[in-house]
2 protein chains.
Amino acid sequence: MKRLTLKDVARMAGVAPSTVSFVLNGKAKQMRIRDEVAQKIMSVVNQSGYEPHRVAVNLRTGQSKTLGLIVESISGSFFASLARTIETEAERLGYNVVYCSTENNAEKGGELIRMLGRQMVDGYLITPAPGMENEIRRLLQMHKPVVLMDSYFPGIKAPYVLIDNFHGVQLGMDHLFERGYRKIGYVTVDVSLIQLAERQRSYTQALKKKDIPFRKKRVLELNYHDSREQNLATLEAFIQENSDMDAIFFATNYLGILGLEAMGRLKISMPKHMAAICFDDHDIFRLYPPGITVIEQPIEGIAAKAISLLMKQLDKQSGPLRESQVALPGRLIVRSST
Amino acid sequence: MKRLTLKDVARMAGVAPSTVSFVLNGKAKQMRIRDEVAQKIMSVVNQSGYEPHRVAVNLRTGQSKTLGLIVESISGSFFASLARTIETEAERLGYNVVYCSTENNAEKGGELIRMLGRQMVDGYLITPAPGMENEIRRLLQMHKPVVLMDSYFPGIKAPYVLIDNFHGVQLGMDHLFERGYRKIGYVTVDVSLIQLAERQRSYTQALKKKDIPFRKKRVLELNYHDSREQNLATLEAFIQENSDMDAIFFATNYLGILGLEAMGRLKISMPKHMAAICFDDHDIFRLYPPGITVIEQPIEGIAAKAISLLMKQLDKQSGPLRESQVALPGRLIVRSST
DNA sequence: AATACTTACAAAATCGATTTAGCACAGGTG
DNA sequence: CACCTGTGCTAAATCGATTTTGTAAGTATT
């Protein structure tokens, strides 16, 4: 009950192993194999149920047919949707996916990339976190196919796919304006991610567009390294000090969830006392009464586009492609918090 | 800038490739390599930063050093915690993990297992779903190392690790009794999973223990194949028909979340009008006011134990081990819904 | 002194594929 | 008839490791 090998198939078909290989890899024409022989081989293959040994193929060709997906946290909802789409897309194209999470740990990020390198993945899909710059640069230098998602590093010329952060915040702000909110606060976090900067820029811009003066007091930048409890306290204080605010814009879903908890504790009911809107959807925002209005990321679109960019790099190493930067529009989901 | 191979190292150290291999694989003593030579080789290896080509090793030894983790849904919170622990544990032992989700699709489950087989994973960690019986039997017949998690099939002798479902429900019921609840409803779903049967048995048993008559009307079995909306409606009807109930026990966190929504719609406030308790924790239960009391699964424990059982099978194929069945105790987390 | 047995490595086979080079035969050309 | 050109396949090299077998030199045994 051993595994069937190419050799076995060749023997059964009465030809040489190389011939079988040619036929199976679609090089029958090129190698001038007679149709008769090719058909004979195919029938033997089908009847015996032979399948090539992936490891052997990998060793010989140097192609593992595996992609590495590196995300911040494997338990995040962003990852969940991303992984699903990427996996099905990859499978369709004959690739497997290996997931890795950095767990918000820059060191581990580098280690992971190296680990995947040892594993010989053919390409990388990465949601970059601060501290991974050098590793990503190294990959590019080695001409490894890479696509960044969700974020990018301004100094590094790698292809990336993300939501149009500026546009997304504009959508949200316009919605708030439309509903009559004017005293809009903004809660963000002090991580140096380009998308956070972009979102904040968009917030300021939106105010300016409406001739509403920007007030520093209305913006809270939480400290990433502080504990959850600490941040919750800071957030509560911020809300109390800005008791005249009529709406808060949360820059990430983590912040939004924190916001729900803070407002819950302060017995502030949405949208009566204060409206809330959050960038990036989450299960909780759908379920938590009264339902939180959000800007939803086009995660499936991001995943699909990222895969397609990666495949373009894998097909032919000729294409430099270093300049493919894509921003997809987000979607406003109006719930009852605004 | 090509990859360093064993041959290169051998040349640099002035020995044969086989000698290097022996030293690197700890067979220096056995093969009577002089300490001098071994040290020389080690120093060359360290200085050159040589690392064996995993694919080549895999081909030669037949060990991929990869485990397959098959779960129902990659986006579930159960999976999230599971994956984290399993991945770190596996890494510590020099193994990689490939994740796959069946997405509640029996067909896909079988396909996945076959796919992993082609990939040549060394062992399988599976959260079994109905319909996967045959595939799992096949794996056992092929003497592939397998460990089931979270559930199992009564007819199949495979090692498994799960929460002690009976004990878990008892914990919850005892807690409800202690708080004075007596008219306790039970909501479950009609999937033929052993753990659901076990939980329901425990519910009935708990009532009997307290001499509370079992009332069929108090138990709702939702239809798995019905739509979410449909189930929500059924659940609402159930709650209204049992308006004298003082508490509801939800058998899974999916049901619990549905329950939150139903009670929200009916404007039933917890725990004033009705208490709620749920088997299996979820982020939402922590955040949703007033916080839902749950029985938490010892997910990390399950993962760790599962890995260790799998490793035992991988170490020596001699141990049959088919009878290792482990049930770990759950933990009651009291929040304000009871 | 011939034989056997260790020691300490080297050589070669092997895993299962892909790919390059080669080879026998048929037909066409000068 | 020698020479070239296609055909249609096979033989052998290759990927990078592991593992079995081989072997030269030194020591012990009879």
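Here is the naming used below: chain letters follow the sequence lines, and residue numbers restart at 1 for every chain.
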How long is the line joining [atom1] of [X] and [atom2] of [N], in whole Å?
| X | N | atom1 | atom2 | value |
| --- | --- | --- | --- | --- |
| K7(A) | dA13(C) | NZ | P | 13 Å |
| R34(A) | dA26(C) | CZ | C1' | 13 Å |
| D35(B) | dA8(C) | CG | P | 10 Å |
| L24(A) | dT19(C) | CG | P | 13 Å |
| M31(A) | dC23(C) | CE | P | 17 Å |
| Q63(B) | dG16(C) | CD | P | 15 Å |
| L59(B) | dT19(D) | CG | C1' | 13 Å |
| L6(A) | dA11(D) | CG | P | 14 Å |

Would you please confirm or rule out a distance under 4.0 Å between OP1 or OP2 of [N] and any side-chain N or O of [X]?
| X | N | result |
| --- | --- | --- |
| R60(A) | dG16(C) | no |
| S21(A) | dT18(C) | yes |
| N25(A) | dT18(C) | yes |
| T19(B) | dA10(C) | yes |
| Y50(A) | dG16(C) | no |
| K27(A) | dT19(C) | yes |

Quiz item: Is there a donor-acceptor contact under 3.5 Å linking the side chains of T127(B) and D150(B)?
Solution: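 Absent: no donor and acceptor within the cut-off.
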Practice problem: Indicate whether the side chain of N58(A) and that of R54(B) have a donor and an acceptor atom separated by less than 3.5 Å. | Solution: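 No, R54(B) and N58(A) have no side-chain donor paired with an acceptor closer than 3.5 Å.
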Practice problem: Would you check if P130(A) and V191(A) make a side-chain contact, meaning some heavy-atom pair closer than 4.5 Å? | Solution: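 Yes, side chains in contact.
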Where the side chain of [X] is concerned, which of [options] is the nearest nucleotide?
| X | options | value |
| --- | --- | --- |
| F22(B) | dT18(D), dT20(D), dT10(D) | dT20(D) |
| S18(B) | dT14(C), dC15(D), dA10(C) | dA10(C) |
| A56(A) | dT18(C), dA17(C), dC9(C) | dA17(C) |

Quiz item: Which pair of non-hydrogen atoms, one from Q325(B) and one from A158(B), has the smallest distance, and what is that distance?
Solution: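 Minimum heavy-atom separation between Q325(B) and A158(B): NE2-O, 3.2 Å.
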Quiz prompt | Where Q313(B) and V147(B) come nearest, the two heavy atoms and their spacing | solution =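 Closest approach of Q313(B) to V147(B), heavy atoms only: NE2-CG2, 3.5 Å.
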Quiz item: Would you say the base of dT7(C) and the side-chain of R32(B) have a donor-acceptor pair closer than 3.5 Å?
Solution: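 For R32(B), whose side chain was compared with the base of dT7(C), there is no donor-acceptor pair (under 3.5 Å).
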